[in-house]
Protein chains: 2
Amino acid sequence: MSVAGTRLTKQKSLILDLILGTKCHPTADWVYQEARQHIPDISLGTVYRNLNALANQGLIREMNYAGSSSRYDGDVSQHYHFTCQSCGNVFDLPLEAFTMIDNLVEEQEGHSVEAHRLEFYGTCKTCKIEEKQ
Amino acid sequence: MSVAGTRLTKQKSLILDLILGTKCHPTADWVYQEARQHIPDISLGTVYRNLNALANQGLIREMNYAGSSSRYDGDVSQHYHFTCQSCGNVFDLPLEAFTMIDNLVEEQEGHSVEAHRLEFYGTCKTCKIEEKQ
DNA sequence: TTAGTAATGAGAATAATAACTATATATTCA
DNA sequence: TGAATATATAGTTATTATTCTCATTACTAA
């Protein structure tokens, strides 16, 4: 399971496992902190290099967020995210892909649309309850 | 036309004029380069400070893009953008706001949605023609 | 006119990420 | 198997966008 010209090192495989084993859409730094508990002298550069490599291979998805740091997602299927502005957590949304809006833009404007980004922001279920108290 | 505790300096007023006078969704650095032609010793810090202030006052809109630098928009009405991955230009889209998708997420997930971001990526009309040649 | 407040320019600080480099592993092939 | 080659690593430095600091300047309102 290695692409030509690439090797599956223990660092890369650990990083992949960490991403696949969480639903928290972690940042590079989260991955680094976790990885150090298994390979203490792993370097942050190696984490970034492998996150990029894994994203290029299509094994994980990079969600590079406005302003702040990128997050990574082990679920590469098409889905949208909701970010809670109170606790900072990112939740998966079970919405279907709105492919028709791409067509709308193509028809109205004449640009050829390759992708769209759709993200939701607000207060999550849990934080909403806490705010009321 | 000044908010209590704020002053409309010649720097701030120039920066606002520059943003309002272009449709190119400029970056802070573009604003800085333009501003220097009118106030040669204006500093980049002042540009950032005023861009943030103007955005907080609701006079301009900040579009902080994934990965790269923020862009600013003098048109504060609700509208979406298309970014050409070939020439880098950002175009306005005359689409209506999809407010119903916010409701969909609220109903399905129980989070309270305050806003969504929707951006389109692809190849613009002009670059599409150039690629064919 | 003066005391008080806000904004400025210049430069240092920060934070996320990428690039560099010498060393250490893998892999390939004789 | 072992030398030759290619790729990855740790550690470090560089880059880039943005914010912060601070001494100075410019308004503002009594």
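The basis for the numbers below is simple: all heavy atoms, side chains too, and nothing from hydrogens, waters or symmetry mates. Residue numbering restarts at 1 for every chain, and letters A, B, ... go by the order of the sequence lines. Every value quoted in this text rests on a predicted model; they were computed, and no experiment measured them.
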Exercise. Do other residues, nucleotides or ligands put more than 12 heavy atoms under 6.0 Å from the NE2 atom of His79(B)?
Worked result: yes
At under 4.0 Å between heavy atoms, what does Asn50(A) touch on the DNA or RNA strands: base, sugar-phosphate, or nothing? sugar-phosphate
Nearest-nucleotide check on DNA chain C, Ala28(A) vs Arg49(A); residue mapping nearer the 5' end is Ala28(A)
Whole-Å distance, Tyr48(A) OH to dA19(C) P, equals 13 Å
- Item | Heavy atoms from other residues, nucleotides or ligands near CD of Glu131(B) exceed 12 (cutoff 6.0 Å) | yes
Nearest-nucleotide check on DNA chain D, Arg71(B) vs Ile42(A); residue mapping nearer the 5' end is Ile42(A)
note: Asn56(A), atom CG; dA18(C), atom C1'; distance rounded to Å ~ 14 Å
From the list Lys23(A), Met63(A), Glu119(A), side chain to side chain contact (heavy atoms under 4.5 Å, CB included) partner of Val90(A) resolves to Met63(A)
From CD of Gln11(B) across to P of dT25(D) the rounded distance in Å is 14 Å
Atom OH of Tyr32(B) and atom P of dT19(D) are separated, to the nearest Å, by 16 Å
Rounded to whole Å, the CZ-C1' distance (Arg7(B) to dA6(C)) equals 4 Å
| query | If you group Ile, Leu, Val, Met, Phe, Trp and Tyr by side-chain heavy-atom gaps below 4.5 Å, do Phe91(B) and Trp30(B) land in one group? | reply | no
When we call it a touch if two heavy atoms are under 4.0 Å apart, what does Thr46(B) touch: a base, just sugar-phosphate, or nothing? base
- Message: Determine whether a donor-acceptor pair (N or O, by modelled atom type, separation under 3.5 Å) exists between the side chain of His111(B) and the backbone of Lys125(A).
- Response: yes
Regarding Leu44(B), tell me which of base, sugar-phosphate or nothing describes its non-hydrogen contacts under 4.0 Å with the strands shown. base
When rounded to whole Å, the CG to C1' distance for the pair Leu14(A) and dT9(D) reads 14 Å
- Message: Need one value for Ser70(A): base, sugar-phosphate or nothing, where a base atom within 4.0 Å counts as base even if backbone is also close, heavy atoms only.
- Response: sugar-phosphate
Atom NZ of Lys10(A) and atom C1' of dT9(D) are separated, to the nearest Å, by 9 Å
Taking only side-chain N and O atoms of Ser43(B), does any of them lie within less than 4.0 angstrom of OP1 or OP2 on dG11(C)?
no
Here the distance between atom P of dG11(C) and atom CG of Asp41(B), to the nearest Å, is 12 Å
Does Asn52(A) reach a base, just sugar-phosphate, or nothing at all? Heavy atoms under 4.0 Å.
sugar-phosphate
